[in-house]
Amino acid sequence: MKHQQQSKRKISPMQIIRAAIQITAFILIPGFFITVFSEIGSIFTSIIGGTFVFSEQMANIFMVLAVFLITFIWGRFFCGFICSFGAMQDLLWFFGKRIPFRPVISQKGDRVLKLLKYGVLLFIVFGVWVFAIPGDSVWSPWTVFGM
């Protein structure tokens, strides 16, 4: 029995390295993933708008290609090691596993929460259309998280 408990608690060197890289990236470059997604959006916007000029988009293209190349060579390295959003998810999972109780949500409560997400969506759409709130920056969870 003790052997099983000890093996459960043993942390591999890769987990330690990953946690160190995640913490470093989270502190030093928390908005890196936002930058990559923003650059993809900038490239597509310029292509769709007919204003694409390679020399102006070269830095954006280089950043996106670098992340794709890293992802192609090392798999989910970007999301698992460098992306601050992934680091935050891992941190929440780590603490969530240590909660001594598990909240139980009734079926009625589950339905109410599912309807609430559509209410939030309608609120955002209404805010963007009626009040001309810039939807790409104010309501984006990526941008809010990066702030």
Side-chain angles (χ1 to χ4, degrees), residues 1-49 52-107 109-128 133-147:
M1 180 73 170
K2 278 190 170 187
H3 179 66
Q4 286 178 337
Q5 287 177 343
Q6 288 175 349
S7 66
K8 271 187 169 180
R9 293 183 184 157
K10 188 174 181 179
I11 299 173
S12 74
M14 182 53 84
Q15 288 174 314
I16 295 170
I17 292 168
R18 181 173 182 234
I21 292 172
Q22 282 181 325
I23 291 168
T24 303
F26 189 78
I27 292 169
L28 297 178
I29 51 172
F32 183 62
F33 68 99
I34 296 170
T35 303
V36 173
F37 288 119
S38 176
E39 289 169 352
I40 291 171
S42 174
I43 293 167
F44 280 121
T45 302
S46 66
I47 290 171
I48 291 170
F52 181 82
V53 177
F54 184 78
S55 61
E56 292 176 6
Q57 294 291 336
M58 194 165 30
N60 295 345
I61 293 169
F62 176 74
M63 182 66 74
V64 171
L65 289 177
V67 169
F68 282 140
L69 183 62
I70 289 169
T71 304
F72 181 74
I73 293 171
W74 288 301
R76 293 176 284 180
F77 180 82
F78 177 75
C79 293
F81 284 74
I82 298 174
C83 179
S84 296
F85 203 66
M88 183 61 72
Q89 288 175 331
D90 285 348
L91 184 67
L92 291 173
W93 175 83
F94 177 80
F95 286 120
K97 296 294 271 185
R98 281 143 183 84
I99 294 175
F101 62 90
R102 296 283 176 235
V104 178
I105 300 174
S106 67
Q107 283 186 328
D110 185 54
R111 276 183 285 185
V112 169
L113 290 173
K114 286 180 181 177
L115 287 173
L116 179 64
K117 75 178 176 183
Y118 292 111
V120 170
L121 176 64
L122 286 173
F123 174 76
I124 291 171
V125 169
F126 184 77
V128 169
I133 297 171
D136 61 336
S137 60
V138 175
W139 302 102
S140 169
W142 300 99
T143 305
V144 172
F145 178 77
M147 291 178 187

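Throughout, numbering of the chain's residues begins at 1 and tracks the sequence.
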Would you compute the distance between atom [atom1] of [X] and atom [atom2] of [Y] and round it to the nearest 0.5 angstrom?
X: Ile23; Y: Ile27; atom1: CD1; atom2: CD1; answer: 7.0 Å
X: Phe81; Y: Met14; atom1: CZ; atom2: CE; answer: 5.0 Å
X: Ile11; Y: Ile16; atom1: CD1; atom2: CD1; answer: 6.0 Å
X: Phe44; Y: Asn60; atom1: CZ; atom2: CG; answer: 12.0 Å
X: Met58; Y: Leu65; atom1: CE; atom2: CG; answer: 12.0 Å

For [X] against [Y], the heavy-atom pair lying closest together:
X: Lys97; Y: Arg102; result: O-NH2, 3.7 Å
X: Gln57; Y: Ser46; result: NE2-OG, 3.7 Å
X: Ile40; Y: Phe68; result: CD1-CZ, 4.4 Å

- For Gln15, look at atom CD and say whether over 12 heavy atoms of other residues, nucleotides or ligands are found less than 6.0 Å away. yes
